[in-house]
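Proteins get letters first, then strands, A, B, ... in listed order; numbering begins at 1 in each. Keep in mind that the numbers below use all heavy atoms, side chains included, and drop hydrogens, waters and symmetry copies.
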Amino acid sequence: MAQFALRRVLQLILVFFVVTFVAFASLKLVGDPLFNLVGVISGITEEQCEAVARGELEDTFTSGGNIGDCALIQRAKAENHLDKGVPQRYGIWVINMFRGDFGTSFVNGDEISDIIADRLPVSVRLIVLAQLIALGIAVPWGVAAAYRANRGFDKVSTVGSFALLSVPNFALGVILLYFFSLRWQIFPSRYENHGWWSEFKALILPAATLALGLAATYQRLLRTDLITTLQEDFVHMARAKGLSDRHIMYRHALRPSLFSVVTVFGVNTGALIGGALVVEQIYSIPGVGTELVEAVLRNDPPVVVALIAVVAVGFVLVNFLVDLVYAYLDPRVRSA
Amino acid sequence: MPDNSHSVKQLSVQNLSVRFPTVRGTVCAVNGVSFELSQGASLGIVGESGSGKSVTARTLMNLLPRSAEVSGGVEFEGADVRRLARERVKHFWGVKMAMIFQDPMTSLNPVKKCGTQISETLRYHLKRDRKTARHEGIDLLNLVGIPEPKKRFDQYPHELSGGLRQRVVIAMALACDPSLLIADEPTTAVDVTVQKHLLDLLDRLRKERGMSLILITHDLGVARRRCDEIAVMYAGRIVERGKPEDLFEDPRHPYTDALLRSMPRLNTPIHSRLEAIGGPPPELINPTEQCSFAPRCTLAQADCLQSVPQLSGVIGMREIACFYPANTKRGRRALAKNRARGKTAAGLQMSARRHTSG
Amino acid sequence: MNVVLDEAEAKKLGCIFWLAVGWLGVLVATTSFAPLLPIEDPSAIATGPARSGPSLDNWFGTDALGRDVFARTVYGARVSLVVGFVAIAFGMVVGGTLGIIAGYFKGSIDLIVNFAFFALLSFPGLVLALLITSTFDRSLRTVSLTLAVLAVAPIGRLARATTLLYGEREFVQAARVLGARHFRIITRELLPVVMIPMAALALLGMGVAIVAEGGLAFLQLSVEEISWGVIINDGRGIRDLQENPHVALMPIAAMFITILSLNFAGDRLRDYFDVRETAF
Amino acid sequence: MKSPVYCRAVAPSASVLLALCLVAAACGGDSGSNRVNNNDTEVAVEESDTNNTTSNEAETVAPTSSAPPLEGAEEGTVCIGAACEEPSTDAEIAPEPVRGGTLRIAVEAEADGLNPATNNFAVSAYSIGYSIFDPLFGIDSEGNWFPFLAESAIPVNDGISWQVQVREGITFHDGTPLDADALIANFEAMIGDPIVSLALAPNFPQENRYEKIDDRTVQYNLIRANAHFPVNFTSQLGMIASPAWLEAAAVDQNLNQHPVGTGPFVLDNRTQDVSTRVVKNPNYWRGSEDVYLDAIEFFITTDPALAAEQLVAGDLDLVVTSNADAALIIGGSDDATAVQNVYSEENFVMLNSQKAPMDDIRVRQAITFATDREGYRDLITQGTEPLADSMYHPDLIWNNPDVVQEANMPERAAPLVDAYCAEFAQNCSDGKVKIELQFSGPSTLQTRIMDVLSAGWEAYFEIERQQLPQDQHIVETALGQFQVLTWRQFGEADPDNEVIWLECATATGLIALNWVRLCDPERDALLFEARATDDLDRRVEIMQQVQAEVNAAYTYIFLTHSNWTVGFRNSVKNVCGQTGPVDKTLLCNTQGRGFYHNVWIDEG
């Protein structure tokens with residue numbers, strides 16, 4: 001177990017470095033973050049600056065003028081290490097990171113640690129709610145389908161689950177928002193957080209949007225595994241003990257059938273931390289996904305990298321948790 | 001204590017048939033099986049896989065899949081078992097009637113503690129509270145001869161050896177003190193040494209508790225010492241039934257005979273070949289009206305292919321279903337006839353090396 | 001609780017499979033020959049009154065600019081299918097190769113490849129796509145390759161797992177003992193068995209890629225050409241949904257049926273070859 | 001639908017002037033616009049042609065020359081909905097206000113900061129900004145400036161200098177007193193900011209820009225005479241922030257999120273990209289009883305149509321938008337009222353006169369003739385915006401009705417294109433002129449606009465679209481790195497404020513606010529003459545001449561007059577009855593820059 005944990009920690013660290021470095025390197029390619037630091041004058045090239053210095057070119061603004069715009073650009077670059085190469089900047093970033101300094105946004109000067117503290121909990125709550133709804137639907141559904149495998153209900157539910165799997169979540173999101181919030185006004189159309197109840201209400205629709213597809217996925221996996229499990233001897237044994245079908249399905253067959261679901265659950269949870277962005281976008285939820293998209297599109301590299309790091313770490317951590325859940329589900333894993 | 005006398009009829013199975021409709025046709029797993037069992041007696045049901053012995057047991061235990069079509073009557077201690085099944089009566093199976101399965105490795109839920117699996121029955125059927133159930137569970141483990149029962153109670157199945165696991169399974173089955181225990185190949189998956197211990201245990205428990213036992217096995221040897229009576233099944237029918245001594249000394253059905261020949265014995269010469277039963281396994285899907293063993297039977301004659309021989313009394317408790325019983329004159333004649341032809345009426349080649357059953 | 005599963009049933013592809021394949025076939029045929037069909041120019045504005053419902057002239061109605069939604073849906077299918085196909089083909093070639101190599105040779109190669117897959121998976125997919133499309137361009141090529149990169153890890157993991165499974169089987173061991181070269185073992189022995197689950201996953205993955213393209217379009221970062229995602233995004237404004245929901249709903253329906261077909265086909269195929277549903 | 005991000009990225013960087021254009025251009029009709037000057041004239045004004053209509057009581061206040069430029073104002077401001085009957089401009093007659101409650105307002109984009117000296121204020125920032133900061137001068141419902149935080153403003157030296165005196169006894173939320181030093185600190189902060197100063201610096205000399213006259217009076221020295229100087233300080237430039245906070249914010253950028261002003265509301269809390277909440281200032285200098293609301297909550301809702309739906313659904317109280325979908329949704333609801341205003345900026349296509357092929361007037365003419373304006377109006381604005389013929393709405397006195405936009409005459413484009421291509425074959429292909437159409441995106445609306453415009457042009461032009469992120473779009477526009485794009489500006493109530501986009505001084509250099517980079521010294525002379533004079537007739541004469549010249553240069557293809565809509569639930573009262581000091585009612589619906597302290601909510 002200790003070795004296992006150690007390997008996981010090593011993996012975590014490696015993933016962290018690989019992912020953040022890739023993000024760093026690719027962000028170098030994304031636009032010019034200078035714009036957010038100095039504004040339109042960011043478009044002035046170095047050649048032009050040199051020409052201004054030599055007196056060959058007029059300064060940026062002919063009347064009134066801001067003499068020294070070029071100096072301003074240089075200063076902004078230096079202050080934010082934009083004049084350095086990717087490895088160097090990455091090094092600086094990592095060192096600051098481990099000092100607990102995530103840096104500040106180029107756009108609004110917000111502390112990135114504050115942004116994460118604001119955004120992450122919302123996303124986590126959304127994902128947890130979505131997963132709970134998904135499992136809440138998928139488990140009874142999967143059990144019911146497997147209980148009478150290949151019979152009427154199972155056949156209908158197979159079609160149903162495929163249908164759910166095939167609805168793009170953005171389409172579902174728009175449709176649910178349109179009907180449940182705007183037309184019927186059952187749920188608020190806008191994210192709000194005046195206490196947990198208002199937030200819960202605001203998160204139900206987006207969570208449901210995410211959950212329906214997930215539920216179908218889980219149902220398929222659970223059904224398949226349950227059908228396999230139901231052919232196990234211990235299930236016959238349990239029946240021979242005179243236990244009710246219900247008792248057997250939930251107390252005996254369910255747990256050993258959860259492996260695939262748990263695996264996918266882990267992968268999904270990780271992916272959802274940053275991947276729920278379309279749904280977050282539709283419902284204007286101030287989560288990590290929304291902020292990531294915004295940060296990418298507004299050229300705010302420190303925020304993008306920090307959030308990608310958060311997502312990657314979250315992914316690894318969740319998968320670590322999934323391993324622990326395996327151990328809970330199957331005592332044989334514990335002793336292995 | 002229940003009445004220990006064998007005379008009280010406890011279980012009666014009348015003309016039981018089980019069919020499974022499938023895409024390829026109807027599988028006739030059990031065809032008109034009848035037998036009775038007295039209180040405290042033990043019955044061995046012997047047959048190869050697919051002979052319908054397990055399906056019979058599962059019918060008794062209401063373990064058949066929903067698709068199964070069952071006919072015939074099963075009466076247990078005066079109750080119509082099939083009606084109980086239809087009415088989804090609780091606290092009957094596992095309480096009055098219990099069953100243990102072949103493989104202790106798989107018949108225990110790997111993700112639940114052994115103790116939980118035992119006490120679960122107590123709590124479910126007898127509504128014991130957690131603590132009482134635990135005590136009784138540990139007592140049961142003790143009863144089936146598991147050392148350190150308290151420790152074992154909290155262990156997972158994978159932490160136990162095969163023998164111990166089967167003891168746990170037995171303890172589980174015994175939890176509610178059933179009056180009939182069905183053991184489906186209880187020793188197949190364990191070592192020979194363990195096998196004996198387990199059979200002894202079952203025997204002891206049966207006697208101590210006045211419990212009836214149906215021992216299902218493919219191994220005639222296992223059934224021999226432990227049963228008051230043995231029924232040999234083939235292709236969903238009982239083909240021969242009798243006391244173990246009679247059966248072993250004087251097998252009448254060619255199938256029983258062949259089974260015995262395929263069994264290693266102390267008195268067979270060390271290097272002699274054990275006989276495998278030749279021919280194709282029985283056709284269970286849409287079987288034709290004939291003796292189902294006929295295609296493999298060295299004694300098979302034309303009339304074996306015309307109709308199904310019914311189980312009928314020979315002497316005393318003994319019953320067989322055969323037109324040309326082995327070790328009888330009719331049988332010997334039939335064999336000689338086939339041998340002369342070089343093949344049986346069903347077309348089975350009479351191998352030269354084959355020992356005769358004449 | 002079925003003890004006896006009907007195996008015969010599982011071994012048929014069934015009419016649903018053929019229905020699904022049929023739809024995909026019709027779709028591919030229609031979109032391939034779209035320019036030859038008597039339909040409107042998908043980007044011509046004011047082919048009919050703006051925001052009008054389905055009619056004989058405009059089967060799927062018109063959008064806010066009076067463009068013919070049917071023509072757009074047909075042409076949109078081209079892009080969506082190409083994106084889905086390219087993404088999965090690339091994912092199969094790259095992911096499959098890496099996965100098989102990793103699963104076959106094991107050891108440090110496996111460690112590295114598997115880690116790479118894991119790292120790829122831990123990168124939020126749409127964000128990666130977002131980074132790439134906002135960095136480079138929004139050409140069909142870039143978007144397809146972006147989604148292809150996302151397909152590498154899941155397909156690769158499946159290939160690796162399958163290879164690990166079969167690598168221990170007798171036929172592979174036998175080939176090894178007989179002194180066959182690695183390349184030969186991989187291509188002759190492993191590839192055929194690994195291809196089956198991969199093909200099933202590829203069908204499902206194509207659906208995922210098509211949806212992902214839609215997701216990108218939702219963030220307005222998908223292709224500049226007309227794709228289903230682009231049409232849906234164009235028609236998903238609140239007022240468009242009220243006044244002319246068909247603009248979004250028609251391509252959504254087309255997408256839905258297509259993905260449903262891919263899912264069914266993939267699933268039946270997987271059942272047919274007895275592949276367990278995998279976590280991807 | 002707009003995604004949230006795009007408008008937002010703009011805000012921090014562009015100058016105030018840039019911002020107004022850039023938001024207009026980049027977010028097109030789906031985002032708010034921002035303007036330096038507030039003396040818009042969309043609200044009905046009784047006097048139509050009298051000069052020097054000063055209604056200010058304070059005798060020290062200089063007469064304004066911003067004459068009411070409307071002739072028949074009623075058409076410009078339209079009210080749709082149940083709440084229309086209510087007297088909207090006169091708080092005195094209105095029923096007794098209900099005090100308390102929280103007003104929920106949707107704003108389309110987040111402000112990156114709320115520091116008037118360093119952040120660029122778009123509509124959303126104005127909405128929040130005016131609740132926290134009072135401006136030095138306000139614009140009354142008749143379109144005239146009046147002193148707000150200022151006590152008076154007096155021109156000296158024929159208007160080359162202005163003396164501004166602030167009121168006595170006002171303190172900022174942090175307790176700092178408002179005095180001459182505070183004005184100077186604000187001015188210094190703005191002129192020192194590389195971005196905000198772009199809007200300020202051109203009017204001031206390099207040296208000696210101001211003098212402190214006494215504790216409450218500052219004299220501003222201009223570069224040339226300006227008869228209408230105070231209107232410059234009705235906007236962001238007039239918002240006066242606590243000098244102590246300005247100083248601190250210069251060091252800690254994060255303080256820009258926690259503004260300190262003198263306004264009727266105090267910042268309560270603010271979550272970037274989600275919401276900002278301000279609560280009633282109990283010590284407001286004009287008396288806290290004049291502030292009816294307990295609090296205002298501003299929500300970022302980047303999709304105007306969604307915001308409109310949320311308004312209808314009751315999840316919001318007030319929405320300000322120039323989006324056609326949103327306007328139609330609000331207009332179609334019984335639960336909401338819309339106040340619309342079409343005397344705003346013009347939507348137009350902009351042609352860079354310094355870039356081939358647009359440097360050739362024949363090409364500019366050809367593309368103008370080929371433009372399908374009706375298509376734009378019908379498909380893009382869905383009829384919510386009237387066609388624009390020039391930089392002036394026909395209702396404005398500045399407008400010369402003879403100046404008409406020439407468009408939808410493609411037959412006239414063909415010979416011009418042929419002639420051009422014969423001469424410059426390298427800029428043509430297949431007899432079509434190759435042009436680059438730049439737009440900001442991703443944006444559904446912008447793409448639709450490009451689709452509609454391209455449909456008209458395609459016969460004569462080979463169009464290569466270039467979609468740029470909004471910031472890059474602005475940079476390239478400011479640097480003159482574009483050929484064709486859509487933009488939104490003009491429509492200023494006082495045309496003096498349009499000088500900066502037309503004068504030669506801003507037509508060259510690296511960054512040009514005269515985006516089309518067309519310099520005409522004669523036009524400059526006219527513009528400065530108009531700036532210096534109080535004679536309305538002369539000004540009208542000059543501006544009509546300028547208007548004709550602008551159209552004749554074919555650098556702008558005017559499409560429509562933008563339509564600003566303030567939508568609010570019927571329970572929201574007195575939206576147009578906001579008062580300033582000295583019994584002035586503030587101009588309503590000035591392109592989204594609202595004051596809300598006298599709004600109340602009456603659910604009954």
Quick one, [X] and [Y] - any side-chain contact, counting heavy atoms below 4.5 Å?
X: C/N233; Y: A/F170; result: no
X: C/F218; Y: A/Q281; result: no
X: A/R220; Y: C/D267; result: yes

Between [atom1] on residue [X] and [atom2] on residue [Y], distance to nearest 0.5 Å:
X: C/F118; Y: A/L14; atom1: CZ; atom2: CG; value: 11.0 Å
X: A/L277; Y: C/L219; atom1: CG; atom2: CG; value: 5.5 Å
X: A/I175; Y: C/L241; atom1: CD1; atom2: CG; value: 8.5 Å
X: A/S166; Y: C/I259; atom1: OG; atom2: CD1; value: 6.0 Å

So, for C/Q242 and A/Y178, which heavy atoms are closest and what is the spacing to 0.1 Å? CG-OH, 2.8 Å
C/R141 atom CZ, neighbour heavy-atom count above 12 within 6.0 Å: no
Quick check on A/F16: does its CZ atom have over 12 non-hydrogen neighbours (other residues, nucleotides or ligands) under 6.0 Å away? yes
Under a 4.5 Å cutoff for heavy-atom pairs, which residue among C/I232, C/L121, C/L120 has the most contacts with chain A? C/L121
Side chain from CB out, backbone as N, CA, C, O: work out which of these in [X] comes under 4.5 Å of a heavy atom of chain C, or both, or neither.
X: A/L307; value: neither
X: A/V18; value: side chain
X: A/L226; value: neither
X: A/F162; value: both

Proximal component of C/L260, with respect to chain A [non-hydrogen, under 4.5 Å]: both
For C/I252, which atoms come within 4.5 Å of any heavy atom of chain A: side chain, backbone, both, or neither? side chain
Residue among A/G266, A/A312, A/A253 with most heavy-atom pairs under 4.5 Å to chain C: A/A312
Which residues in residues 210-217 of chain C have any heavy atom lying under 4.5 Å from a heavy atom of chain A? C/V211, C/G214, C/G215
Inter- and intrachain pairs under side chain to side chain donor-acceptor pair (under 3.5 Å), touching residues 109-119 of chain C, at least two apart: C/D110-C/R160
